[in-house]
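Along the sequence shown, residues carry numbers from 1.
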Amino acid sequence: MVRTVVVHDEELLRSALVQLLRSDAALEVSSMSPGADLPDHDVLPTDVWVVDGDCLWGSGRAHDAPFRARRGDRLVVLTTARRPGILRRAFDGGALGLVDKNAPARRLITAVHTVAKGERFLDETLTVALLEGAEMPLTTRELSVLSLASQGAPMAEIAARLHLSRGTVRNYMAAAIRKMGARNRVDAIRILQSAGWT
């Protein structure tokens with residue numbers, strides 16, 4: 001039996017994924033919400049974690065470290081090609097399985113069995129998106145400026161928090177907007193978030 005735990009923040013989708021995986025008699029499936037405390041390994045031994053890409057990092061990537069540190073790389077991350085940032089972080093973070101949310105049901109079951117053996121499973125529909133997400137388009141400073149702006153911080157606050165002058169913050173903001181191909185800062189934030197880079 002392959003002991004599998006499904007992690008999703010939406011109850012209905014979590015239940016649907018559990019039922020889908022239970023259609024394979026070789027899988028023993030349970031579930032949990034992303035905010036739940038991770039039980040000790042002895043309490044809930046798990047071979048494979050099936051995690052929604054949006055839940056894995058959560059707000060401020062709060063869930064990234066616990067899953068990777070305590071569960072290793074036997075992760076099957078569910079995402080889409082429209083979210084290259086999440087896809088890239090999951091791959092770079094060592095997740096062995098990457099499955100497109102639009103894939104046929106059988107593909108997820110195959111991914112779980114593949115990852116349970118310690119092998120990599122990459123959904124072919126995600127390979128192009130993974131290559132496109134190979135590099136974060138912004139520098140660390142540009143990302144910091146945009147991230148603070150996305151939280152509603154005005155220029156003066158961003159400058160103070162990052163120990164920069166207002167002019168430097170404006171320059172970083174302009175560079176980020178240009179690199180994202182955005183019309184303005186709101187558009188740049190939308191593009192960044194929809195790609196899964198924040």
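- When each of L21, V76, L27, T114 is tested with V48 by the rule side-chain contact (heavy atoms from CB on, under 4.5 Å), just one qualifies, namely V76.
- Taking CG from L17 and CG from L108, the interatomic distance works out to 6.5 Å, rounded to the nearest 0.5 Å.
- Pairing each heavy atom of A182 with each of I191, the nearest pair is CB-CD1, 3.9 Å.
- Counting heavy atoms from C-beta outward, R107 and F121 have side chains that approach closer than 4.5 Å.
- In terms of heavy-atom proximity, V18 sits nearest to S30 at CG2-O, 4.1 Å.
- For the pair A159 and V169, the tightest heavy-atom approach, listed with the atom from each and the gap, is CA-CG2, 3.6 Å.
- The residues R14 and D9 are annotated as not salt-bridged, no charged nitrogen and carboxylate oxygen being separated by less than 4.0 angstrom.
- Considering every non-hydrogen atom in both L98 and A90, the closest pair reads CD2-CB, 3.7 Å.
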query = Taking it one step at a time, do V50 and S31 satisfy side-chain contact (heavy atoms from CB on, under 4.5 Å)?
reply = CA-CA 9 Å; V50 175; S31 69; over 6 Å; no
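- R22 contributes a side-chain N or O that, together with a main-chain N or O of V29, makes up a donor-acceptor pair within less than 3.5 Å.
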message = Would V6 and D52 count as a side-chain contact (heavy atoms from CB on, under 4.5 Å) here? Give the steps.
response = CA-CA 8 Å; V6 173; D52 179 69; over 6 Å; no
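- The environment of R3 atom CZ is dense: over 12 non-hydrogen atoms of other residues, nucleotides or ligands sit within 6.0 angstrom.
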request  = Start with the C-alpha gap between D100 and T80, add the side-chain angles, then the distance that decides, and say whether side-chain contact (heavy atoms from CB on, under 4.5 Å) holds.
outcome  = CA-CA 5 Å; D100 192 332; T80 67; 4.3 Å; yes
Contacts under 3.5 angstrom, residues 172-180 side chains, donor-acceptor by atom type, not counting sequence neighbours:
from, atom 1, to, atom 2, distance (Å)
K179, NZ, E142, OE1, 3.0
K179, NZ, E142, OE2, 3.2

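- Across every non-hydrogen atom of L87 and L126, the tightest pair is CD2-O, 3.5 Å.
- Side-chain N or O atoms of S147 include none that pairs as donor or acceptor with a backbone N or O of S144 at under 3.5 Å.
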inquiry  = Go through it in stages, so that I can follow the logic: the residues are N184 and R190, the test is side-chain contact (heavy atoms from CB on, under 4.5 Å), and I'd like the CA-CA distance, side-chain angles, deciding distance and then a yes or no.
reply    = CA-CA 10 Å; N184 52 41; R190 180 193 59 76; over 6 Å; no
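- The nearest pair of heavy atoms linking I189 to A149 is CD1-C, 3.8 Å.
- Rounded to the nearest 0.5 Å, atoms CZ (R185) and CG (L146) are 8.5 Å apart.
- No hydrogens or angles considered: nothing links the side chains of H8 and D54 as a donor-acceptor pair under 3.5 Å.
- Taking 4.5 Å as the limit, every side-chain heavy atom of V2 sits out of range of all side-chain heavy atoms of E28.
- In summary, E119 and R74 do not engage in a salt bridge, as defined by a charged side-chain N under 4.0 Å from a carboxylate O.
- Legend: side-chain hydrogen bond (donor to acceptor under 3.5 Å, both in side chains) pairs involving residues 153-171, not counting sequence neighbours, sorted by first then second residue: E157-R161, S165-T168.
- The side-chain contact (heavy atoms from CB on, under 4.5 Å) with V112 is formed by just one residue from the set T4, V99, D47; it is T4.
- For K117, there are no side-chain hydrogen bond (donor to acceptor under 3.5 Å, both in side chains) partners two or more places apart in sequence or in a different chain.
- Salt bridge R106/D24: present, at least one basic N to carboxylate O contact under 4.0 Å.
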